[in-house]
Amino acid sequence: MHLATWNVNSLSVRLPQVLDWLAAHPVDVLALQELKLTDDKFPADALARAGYTAAWFGQKTYNGVALLVRLPGAIAQVQRNIPGFDDGQARVIAATVLPATGAEPLRVISAYFPNGQAPGSDKFAYKLRWLQALRDWLALELARHPRLVLMGDFNITVDDADVWDPEGLRETIHCTGAERAALQALAELGLHDAFRLFPQPPRSFTWWDYRQLAFPKNQGLRIDHIWISDALKPLARACHIDRAPRKWKQPSDHAPVVLTLDDHAAPDAAAKRDHGAADPALA
DNA sequence: ATGACAACTATGAGTTGA
C-alpha cells in the first residue's frame with residue numbers, strides 16, 4: 001500500500017500533472033495541499049474518472065487541502081480544520097480511509113502548516129499557536145485512531161540535514177528552534193518521520209525556490225513530510241521523494257513524498273501477492 | 001540591501017509563498 005503527499009500550488013493549474021502522476025503511480029492515498037480554489041471548483045469528476053474518490057476543504061486564493069483515495073477504497077468521518085481552534089484558513093482535512101487493498105482502516109490527515117513568514121512576525125505567532133492546537137488535537141486523534149498518518153507541507157525542516165545551507169539559513173523561517181521544538185512535541189506523541197526511518201541520499205529536499213536555478217543546483221528544503229504513529233511504524237517499508245514532477249513544464253515548487261506500508265492484515269492483498277501479481281504503484 | 005519566480009486578484013500593481 002502506498003500513501004503520498006504533494007503541495008501542488010494551485011490544483012486548477014496542476015490538475016493535468018496530478019492526473020498524469022496518479023496514472024503512473026496509482027497510490028492508495030494522495031494528500032494534496034495549496035489547492036487555491038473554492039469547494040465548488042474542486043475537480044471531483046475528473047478525479048473520479050481517474051479512479052479516485054475525494055474529500056476536500058477549499059478556500060479562495062490561498063490554502064486548501066484534500067485527500068484522494070483510490071477506488072474501490074472509501075472515505076469516512078471527515079474532519080475539516082482543528083476542532084476548537086478558530087481559523088479562517090483551510091489547512092487541515094482528516095478522514096478515516098478504507099484502502100482499496102482491503103487493509104485495515106487508517107486515520108489520514110492532510111495538513112498545510114502555516115508558513116510563518118519570519119520569526120517575530122504576527123504570522124509566526126499564528127504558526128506557533130496553530131502548532132500547539134495541532135498537538136493538542138493529535139493527542140486525542142491518536143487515542144481514538146492508533147493507525148494514524150499525518151502528512152503534508154509542514155513548512156518546517158526537522159534538522160539541518162533538511163536544509164541546503166544550514167549556516168546561511170540558521171534561525172530563518174522553516175529552520176528556527178521554536179518551529180523544530182513544536183515538531184519535537186509532535187514526535188513525543190508517538191509520531192515518526194517516515195523518511196528518516198530509512199537510509200536516504202544526502203541533500204534530499206522536497207521544495208526548491210522557483211528563482212535562482214534553485215532546483216538544478218539542488219538548493220532546497222525538506223519541508224513536506226509523512227509522519228506515522230507507533231502502531232504503523234513496524235509496517236513502514238520505504239519512503240522516498242519523487243523529484244520527477246519538479247522537472248516537468250510549469251511545475252509545482254514542491255515534489256511528492258511517497259510512503260510504502262505493508263498492509264499485511266489484508267487477506268485480499270496477501271492473496272494477490274501470493275499469486276505473484278505485480279504491484280502497480282511506483283512501477 | 002534588494003530582487004528574482006509563480007499564482008492569485010484584478011485588469012495595475014500588490015500580496016503571499018518559502
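Reminder, nothing fancy here: chain letters follow the sequence lines and each chain counts from 1.
Among the atoms of the strands shown, only primed sugar atoms or phosphate atoms (P, OP1, OP2) are found under 4.0 Å from some heavy atom of A:Tyr112. If you check every strand for non-hydrogen atoms under 4.0 Å, A:Asn7 touches sugar and phosphate atoms only.
Residue A:Ile223 is found in a hydrophobic cluster whose other members, listed by chain and number, are A:Val163, A:Trp164, A:Leu169, A:Phe205, A:Trp207, A:Trp208, A:Phe215, A:Leu221; membership requires side-chain heavy atoms under 4.5 Å apart, directly or through intermediates. Through direct or indirect side-chain contacts shorter than 4.5 Å among Ile, Leu, Val, Met, Phe, Trp and Tyr, A:Leu213 is connected to no other residue.
Between A:Trp6 and A:Trp248, the ring planes are perpendicular. Angles over 60° get that label, and only those under 30° would be called parallel.
Whole-Å rounding puts the A:Asp253 CG to B:dG17 C1' distance at 8 Å. The distance from atom CZ of A:Phe113 to atom P of B:dG17 is 16 Å, rounded to the nearest whole Å. Rounded to a whole Å, the CG atom of A:Asp122 is 15 Å from the C1' atom of B:dT16. The nearest whole Å value for the distance from the CG atom in A:Asn155 to the C1' atom in B:dG17 is 8 Å. For the pair A:Gln59 CD and B:dT16 C1', the interatomic distance rounds to 12 Å; values are reported in whole Å. Rounded to an integer number of Å, the gap from NE2 of A:His254 to C1' of B:dG17 is 8 Å. A:Lys123 has its NZ atom 11 Å from the P atom of B:dA18, to the nearest Å. If you take CD of A:Glu34 and P of B:dG17, they are 8 Å apart, rounded to a whole angstrom.
In this structure A:Thr38 satisfies the side chain to side chain contact (heavy atoms under 4.5 Å, CB included) test together with A:Asp40, A:Lys41, A:Lys60, sequence neighbours excluded. In terms of the side chain to side chain contact (heavy atoms under 4.5 Å, CB included) criterion, residue partners of A:Val78 (sequence neighbours excluded) are, by chain and number, A:Ala55, A:Ile75, A:Arg80, A:Ile93, A:Ala95. Qualifying salt bridge (charged side-chain N to carboxylate O under 4.0 Å, His left out) partners for A:Arg180, counting only residues two or more places apart in sequence or in other chains: A:Asp160.
Between the C1' atoms of B:dT15 and B:dA10, the separation comes to 12 Å (whole Å). Comparing the same atom, C1', in B:dA4 and in B:dA18 gives a spacing of 13 Å after rounding to whole Å. Separation of the C1' atoms belonging to B:dG14 and B:dG3 is 15 Å when rounded to the nearest angstrom.
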Subject >> Under 4.0 Å protein heavy-atom contact, by nucleotide of nucleotides 3-8 of chain B - B base, S sugar-phosphate only >> reply: -BBSSS
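Here CD1 of A:Ile173 is found 4.0 Å from CD of A:Glu179. Values are rounded to the nearest 0.5 Å.
Side-chain N/O atoms of A:His174 include none lying less than 4.0 angstrom from OP1 or OP2 on B:dG17.
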